[in-house]
Q: 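Below is the structure I would like to discuss, written out as structure tokens.
All heavy atoms count here, side chains included; hydrogens, waters and symmetry mates do not. Read the numbers this way: they start at 1 and go in the same order the structure lists the ligands and their atoms.
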Amino acid sequence: MTDQIKPGEKLIDRFGRTVNYVRISVTDRCDFRCVYCMDEEMKFLPRAQLLTLEELATIGRAFIELGVDKVRITGGEPLIRRNVIKLFQDIGQLPGLRELVITTNGSQLPKLAQQLKDAGVKRINISLDSLNAEKFKRITRTGNLKDVLAGLQMAMDVGFERIKLNTVILKNRNDDEIIDLVQFAIDRNIDISFIEEMPLGVIGDHDRAEAYYSSDQIRVDIEKSMTLIPTTESTGGPSKYYKIPNTETRVGFISPHSHNFCDQCNRVRLTCEGKLLLCLGQEHSVDLRRVVRGNPGDMDRLKQAIRDSMTIKPKGHDFNLEAKPIILRHMSVTGG
Ligand code: SAM
Ligand code: SF4
């Protein structure tokens, strides 16, 4: 039995922040092995530990009934999970949902973009760190640039309302491509966000402190040849946005190191094994898999567990690139 949606119910934490956004990771697996995200040899979770698509849809529904109106499906690579479109269809039709969005590496979009759009996805984020096939391969280890570009083209063809590129810049790796990537976005009337690398999980490839390339530096680089006009636009999240005059393109910066954004945090994350993480940079969590598996069909119990979790949402993260990673889970587990 489900209790009624209490009109106007909201999830509010003990610091007065309203949580209206959940990011759901549907798998820790991926067809790529990006150097900042994964180790070359990764051990993935046994399938039995993953939430089923039905469990994911139930938890998504519980959040929406609690006032969450934005859901992002992510991973790992969400589009390699078998039958994942069913999850988009189930969540996409829930009353109260304002936005269903996805973050993807783009490799499966040639075959799935249309189905995503039909399921109600309006905006899509595609990760792209290089326009050079060799460099792209070095960063993603197993990815092919041409598949991602074909995926992006398909996303443009099916006509999502907005497409945004997500780019992680690493010093001496792809910092020479910043302008080319922005121009690439301008030419296609799409947006681009630059994300500072975060110390999540142990990666063998590079020293994160040495590879750090700040958002401020990226902005300086862009402003050598383009004008960036700050906007007050906000997604209620960590991105700061700028417009480039006479273009449709917005340039975003996600800067966990150089600009702390925790005081406005409006989100929580569900890992693919059902852990509700209250902060990307801390370990505070609640095991929602135990709640859904232990009490099948009991929506009240699930919703109460989510309400209760608000009391342990921490004030903020304290990322430190110099220290050994204190957060041992990789971004692919957390859901980026
Ligand atoms: N596979 C999908 C993709 O790559 O878009 C979705 C999951 S991925 C973990 C989500 C985003 O997290 C990507 O844009 C990726 O670049 C970013 N990311 C992964 N590891 C990161 C890290 N250590 N620091 C900052 N961003 C990271
Ligand atoms: Fe896969 Fe995305 Fe992580 Fe790259 S960033 S390894 S595409 S999950």
Q: Test S107 against every option in N144, D147, T142, D31 by the side-chain hydrogen bond (donor to acceptor under 3.5 Å, both in side chains) rule and name the one that passes.
A: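 Output: one option passes, namely D31.
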Q: Looking only at distances, please establish whether an N/O atom of ligand 1 is found under 3.5 Å from an N/O atom of E77.
A: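 Yes; the residue has a nitrogen or oxygen that sits under 3.5 Å from a nitrogen or oxygen of the ligand.
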Q: Short list, please: which atoms of ligand 1 are under 4.0 Å from a heavy atom of T104?
A: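 What qualifies from ligand 1 is 2 (C), 3 (C), 5 (O).
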Q: Quick one: is the NZ or CZ of R188 closer than 6.0 Å to the six-membered ring centre of F184, and within 45° of its axis?
A: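 Yes, a cation-pi geometry.
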Q: Find all atoms of ligand 1 within a distance of less than 4.0 Å from any non-hydrogen atom belonging to N166, and give their numbers and elements.
A: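 Those of ligand 1 that fall under 4.0 Å from N166 are 14 (O).
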Q: Tell me whether ligand 1 is touched by E196 - counting only heavy atoms on the residue side and a distance under 4.0 Å.
A: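 Yes; E196 lies near enough to ligand 1 that a heavy-atom distance drops under 4.0 Å.
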Q: What atoms of ligand 1 come closer than 4.0 angstrom to any heavy atom of T103?
A: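 Those qualifying, in numeric order: 2 (C), 5 (O), 6 (C), 10 (C).
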Q: Give the atom numbers and elements of ligand 1 that come within less than 4.0 Å of a heavy atom of I195.
A: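 Per the distance check, 14 (O), 25 (C), 26 (N).
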Q: Identify whether the distance between the nearest side-chain nitrogen and carboxylate oxygen of K303 and E65 falls below 4.0 Å.
A: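 Here K303 pairs with E65 in a salt bridge, since their nearest N and O are under 4.0 Å apart.
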Q: Could an N or O of ligand 1 be found under 3.5 Å from any N or O of M198, whether backbone or side chain?
A: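 Looking only at distances, the answer is yes, because the N/O contact criterion of under 3.5 Å is met.
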Q: If you take the nearest heavy atom of each of G76, S193, C37, which one is closest to atom 7 (C) of ligand 1?
A: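 It is G76 that holds the nearest heavy atom.
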Q: Is there a heavy atom of G76 sitting under 4.0 angstrom from any atom of ligand 2?
A: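 A heavy atom of G76 does come that close to ligand 2.
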Q: Below 4.0 angstrom, N of the basic side chain to O of the carboxylate: do D176 and K135 qualify?
A: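 Answer for the salt bridge query: yes.
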Q: In terms of atom number and element, which parts of ligand 1 are under 4.0 angstrom from non-hydrogen atoms of G75?
A: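 Checking each atom against G75, I get 7 (C), 9 (C).
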Q: Considering the heavy atoms of V168, write down every atom of ligand 1 situated less than 4.0 Å from one of them.
A: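 Listed by number with element, the hits are 16 (O), 26 (N).
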Q: To the nearest 0.5 angstrom, please state how far the CG atom of L100 sits from the CG atom of D69.
A: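 Reported to 0.5 Å precision, the distance equals 12.0 Å.
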Q: Does an N or O from T74, backbone or side chain, lie closer than 3.5 Å to an N or O of ligand 1?
A: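 Min N/O separation from ligand 1 is not below 3.5 Å for T74.
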Q: Hey, what do you get for OG1 (T247) to CD (Q183), rounding to the nearest 0.5 Å?
A: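 So the gap between those two atoms works out to 9.0 Å.
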Q: Which atoms of ligand 1 sit under 4.0 Å from any heavy atom of R208?
A: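 Listed by number with element: 23 (N).
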Q: Kindly indicate whether a cation-pi arrangement holds for R267 with Y21, taking the cut-offs as under 6.0 Å to the six-membered ring centre and within 45° of the axis.
A: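 No, a cation-pi geometry is absent between R267 and Y21.
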Q: For residues F253 and Y242, establish whether the separation of their ring centroids is below 6.0 Å.
A: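 Yes - the distance between ring centres of F253 and Y242 falls below the 6.0 Å cut-off.
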Q: Confirm or rule out an N/O/S atom of C34, from backbone or side chain, lying less than 2.8 Å from atom 4 (Fe) of ligand 2.
A: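 Looking at C34, which is the residue asked about, there is an N, O or S atom under 2.8 Å from atom 4 (Fe) of ligand 2.
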